[in-house]
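Read the numbers this way: they start at 1 and go in the same order the structure lists the ligands and their atoms.
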Amino acid sequence: MGALFADLKETLPDGASLFRNRLTLVEQREILDAVERIMAEAPPFRPQMPTGPYMINSLTNCGPLGWISDRRGYRYEPTHPTTGKTWPPIPAAVLACARALTKEAGLGDYDPDACLVNIYEATGKLSLHRDFDEADFRWPIVSFSFGNDADFLLGGLTRGDRTTLLTLHSGDVFVLGGPSRARYHGVRRIRPGTSPLTHNALPLGGRINLTLRRAR
Ligand code: SIN
Ligand code: FE2
């Protein structure tokens, strides 16, 4: 197992670190309990893209700022678009883990102000994109996976570059920083039936992803 993960880490480009199985099942459940409370306070919604169609996945946010999209564009807002309330705080365990792992990845201190909660149904996916709505790309992105496996595509700095497939499992934490911060990435598909746990927050056959960023 160690050898497999060591090899995998070596194949990742500079600035990208995949921490496999970093969260125990107990920790995953505790974070999902917190996500359930976040969803109760800040109901998930399917944003409209600036081009018109609605996103496939629903989302919500926690932290001082939340990522949203509508006809006016992609941006960060301090309040939920329909309730008008500020987003609930980022769970302390998520923040602590993200800070420990950015340090471990050699990316220094981390002070995220936004956490996007992506909710994938069994048929969910996310097309290739860059996280491009933040002010300063020196801050890394830290992403947590819960529930069913996701076939994650890691691309290059331009859209047409070759992509590498990484299957993200529940409890994995993925860090994109340094020269990899601006890489294209997406989720090709979810693999229902692969989750090591069930939880009220998780859609049947689906997956939840938490993505932390420093937006401003
Ligand atoms: C994202 O790029 O916003 C989410 C990635 C993921 O779901 O793993
Ligand atoms: Fe992204």
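When only modelled atom types and interatomic distance are considered, Thr82 and His80 share a side-chain donor-acceptor pair under 3.5 Å.
Residue Phe152 touches ligand 1 through its side chain alone, judged by heavy-atom distances below 4.0 Å. With a heavy-atom cut-off of 4.0 Å, Lys125 does not touch ligand 1 at all.
Taking distances strictly below 2.8 Å, the protein N/O/S atoms close to the Fe ion (ligand 2) are His129 NE2, Asp131 OD1, His185 NE2.
The neighbour count for Leu204 CG, taken as heavy atoms of other residues, nucleotides or ligands under 6.0 Å away, does not exceed 12. Few gaps surround CZ on Arg71; more than 12 heavy atoms of other groups in view lie less than 6.0 Å from it.
Between Asp131 and ligand 1, a contact under 3.5 Å exists for no N or O pair.
The His185 neighbourhood of ligand 1 comprises atoms 2 (O), with distances under 4.0 Å to a heavy atom of that residue. Those atoms of ligand 1 with a heavy atom of Arg213 less than 4.0 angstrom away are 3 (O).
The nearest protein atom to atom 3 (O) of ligand 1, hydrogens excluded, is given as Asn118 ND2, 3.3 Å; this is a heavy-atom distance. If you check which protein heavy atom lies closest to atom 8 (O) of ligand 1, you get Arg207 NH2, 2.9 Å. If you check which protein heavy atom lies closest to atom 1 (C) of ligand 1, you get Leu126 CD2, 3.4 Å. Closest to atom 7 (O) of ligand 1 among all protein heavy atoms lies Tyr120 OH, 2.5 Å.
Salt bridge annotation for Arg99-Asp111: present, with a cationic side-chain nitrogen under 4.0 angstrom from a carboxylate oxygen. Under the 4.0 Å criterion applied to side-chain N and carboxylate O atoms, Asp70 and Arg75 are assigned as salt-bridge partners. Between Lys103 and Asp109, at least one side-chain nitrogen of the basic residue sits less than 4.0 Å from a carboxylate oxygen of the acidic one, meeting the salt-bridge criterion.
Residues satisfying the side chain to side chain contact (heavy atoms under 4.5 Å, CB included) criterion with Glu121, sequence neighbours excluded, are Thr123, Pro203.
Asp161 places no side-chain N or O within 3.5 Å of a backbone atom of Gly155 that could act as its donor or acceptor partner. Formation of a donor-acceptor pair under 3.5 Å by the Ser170 side chain with backbone atoms of Asn148 is not found in this model.
Of the residues Lys125, Arg191, Arg188, the one that meets the side chain to side chain donor-acceptor pair (under 3.5 Å) test with Asp151 is Arg191.
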